[in-house]
Each structure stands twice: as structure tokens, then as C-alpha cells.
Amino acid sequence: RKEVEQDPGPFNVPEGATVAFNCTYSNSASQSFFWYRQDCRKEPKLLMSVYSSGNEDGRFTAQLNRASQYISLLIRDSKLSDSATYLCAEGKSGNTPLVFGKGTRLSVIA
Amino acid sequence: SQTIHQWPATLVQPVGSPLSLECTVEGTSNPNLYWYRQAAGRGLQLLFYSVGIGQISSEVPQNLSASRPQDRQFILSSKKLLLSDSGFYLCAWGQGPEAFFGQGTRLTVV
């Protein structure tokens, strides 16, 4: 049973485009959600936390839909430097490890 | 500020050889510590986690083991490596639901 699912992509978008990824989770008791960014052959880095109704940070907006059990990441005005793999993660409580999706690959094209 | 150190960055080991990967965290005390593995084309798989010295939870039965001899030190070991142990090994720490990753060790078993 897969707990966190993501479309693997790749999403190929032109510079300046808006792109959105979804991530579904299966445990309705999950409390916290995150988006990580992973560059090729590097470690994942925390991009955004998603608590309650969502979060916005510059060009990035993360939303949580508890009724449908998914979170989303919206990137506006895409930059070449946004090209990476985006991983979503869910957590059940403070001391339990995060469960990660396999990631969605984004390529922003000039 | 907190930092996490993981070494070596890359490692090539023959089948049947032992393994020891070390991870240390600075700038915090009593962190939760995690070992994840990311195989080629696959997601992050949790291997072990620890909420305190000497306390290890194993998520996936296999020929790997982990130890936490000190508060901020987490070691991943194997007595005899298998070809299937190849992958990208990531140590992470956290004190809330989120996790922060070290640079990772890319292990190739030949």
C-alpha cells in the first residue's frame, strides 16, 4: 500500500509558466505535510511546510485539502533554476519519521 | 545553527565487504535521527530511526544495522554488503515533524 503518491512527470514547462503538482496521501490522521526540493545527485532540502490551510512563500504556494487527502505545490513565473525533483512528505506526529513520495520531476525550459 | 555531517560522499565497495557510514549533528541536543536510502529511480525508503541514545527502530529487515553510540552520532553498518545495497544513503535529523538531510553517501557495491 503506497502511502504517498505523486505523478513522476517529467513536467516540461517554459520559463515564466505556472505549474502545479499534486500529492495524495492515504492516512487521514496525518498531521503535517512538507514539500522538499531535490537537485540531481544531491540531498533533499526542505522547501515548504504545509500546515492547516496552506502556505505561501514568494512564487511558491502550497495547499492542503484534507477532504480529498492531497496537497499541492504551485510555482508561478517558473525559473530555469526551479528545475529539480519535488518530493512531498507526510508526518503523523513529531517523533515519527516522514513518509516521502517518489517525487515529481520538473524541467523549466528557456 | 544546526549542521549535519555525513561521510564519505561516495563509496565503492566489493560484495561481501563491511560497511560503516557515520553521521553527526551539531548545534542541537537529543535530535531524532534517521537513515534513508534512495535507490536509482525509486523514492526515499526509511531504514532506521532513533529518538534517543541506544534506541533504534528498524523499518526494513535486511542486512543493515544502525547504532547511536552518542546523542548526536548515528552509524549505519553492514557486515557483508550485497549488490542490492547500492544506493544513495541519507542521514537526517529533526526535532519536530520535519527532517533535515545530510549531503548523502552514494554507495556502489561491485
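In what follows, chains are A, B, ... by sequence order, proteins preceding strands, each numbered from 1. Just so it is clear, the structure is predicted and the values come from calculations on it, not from any experiment.
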>> Can you confirm whether the side chains of Gln38(B) and Gln38(A) place a donor and an acceptor under 3.5 Å from each other?
In response: yes
> Any side-chain heavy atom of Leu87(A) within less than 4.5 Å of one from Leu44(B)?
Replying inline: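 Heavy-atom side-chain distance check passes, below 4.5 Å.
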> Are Pro97(B) and Phe34(A) side-chain neighbours, meaning at least one heavy-atom pair lies under 4.5 Å?
Replying inline: yes
>> Within a 6.0 Å radius of atom CZ on Arg105(A), are there more than 12 heavy atoms belonging to other residues, nucleotides or ligands?
In response: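 Open.
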Cluster link [X] to [Y], ILVMFWY, side chain under 4.5 Å:
{"X": "Trp7(B)", "Y": "Leu19(B)", "answer": "no"}
{"X": "Phe48(B)", "Y": "Ile75(B)", "answer": "no"}
{"X": "Leu11(B)", "Y": "Leu83(B)", "answer": "yes"}

>> Suppose we screen for salt bridge (Lys or Arg N to Asp or Glu O under 4.0 Å). Which residues come up paired with Arg76(A), at least two apart in sequence or across chains?
In response: Glu56(A)
>> My understanding is that only residues two or more places apart in sequence, or in another chain, count here; which of them pass salt bridge (Lys or Arg N to Asp or Glu O under 4.0 Å) with Arg66(A)?
In response: none
> So Tyr49(B) and Leu98(A), side-chain contact (heavy atoms from CB on, under 4.5 Å) or not? Walk me through it.
Replying inline: CA-CA 10 Å; Tyr49(B) 72 97; Leu98(A) 293 178; over 6 Å; no
> Heavy-atom distance under 4.5 Å to chain A: side chain of Phe101(B), backbone, both or neither?
Replying inline: both
>> Quick check for you: to the nearest 0.5 Å, what is the distance between Glu43(A) atom CD and Phe100(B) atom CZ?
In response: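 Spacing of CD (Glu43(A)) from CZ (Phe100(B)) equals 12.5 Å.
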>> I need the Thr96(A) OG1 to Tyr34(B) OH distance, nearest 0.5 Å.
In response: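 Nearest 0.5 Å value for the OG1-OH distance: 7.0 Å.
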> Side chain, backbone, both or neither: which part of Leu46(A) has an atom under 4.5 Å from a heavy atom of chain B?
Replying inline: side chain
>> Using a 4.5 Å cut-off between side-chain heavy atoms of Ile, Leu, Val, Met, Phe, Trp and Tyr, which other residues end up in the same hydrophobic cluster as Phe33(A)?
In response: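 When side chains under 4.5 Å apart are linked, the cluster holding Phe33(A) also contains Phe11(A), Val13(A), Val19(A), Phe21(A), Tyr25(A), Trp35(A), Leu47(A), Met48(A), Val50(A), Phe60(A), Leu64(A), Ile71(A), Leu73(A), Ile75(A), Leu80(A), Tyr86(A), Leu106(A), Val108(A).
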> Within residues 102-110 of chain B, which positions have a heavy-atom distance to chain A below 4.5 Å?
Replying inline: Gly102(B), Gln103(B), Arg106(B)
>> Can a donor-acceptor pair be found, under 3.5 Å and without considering hydrogens, that links the side chain of Tyr36(A) to the backbone of Ala99(B)?
In response: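 Present.
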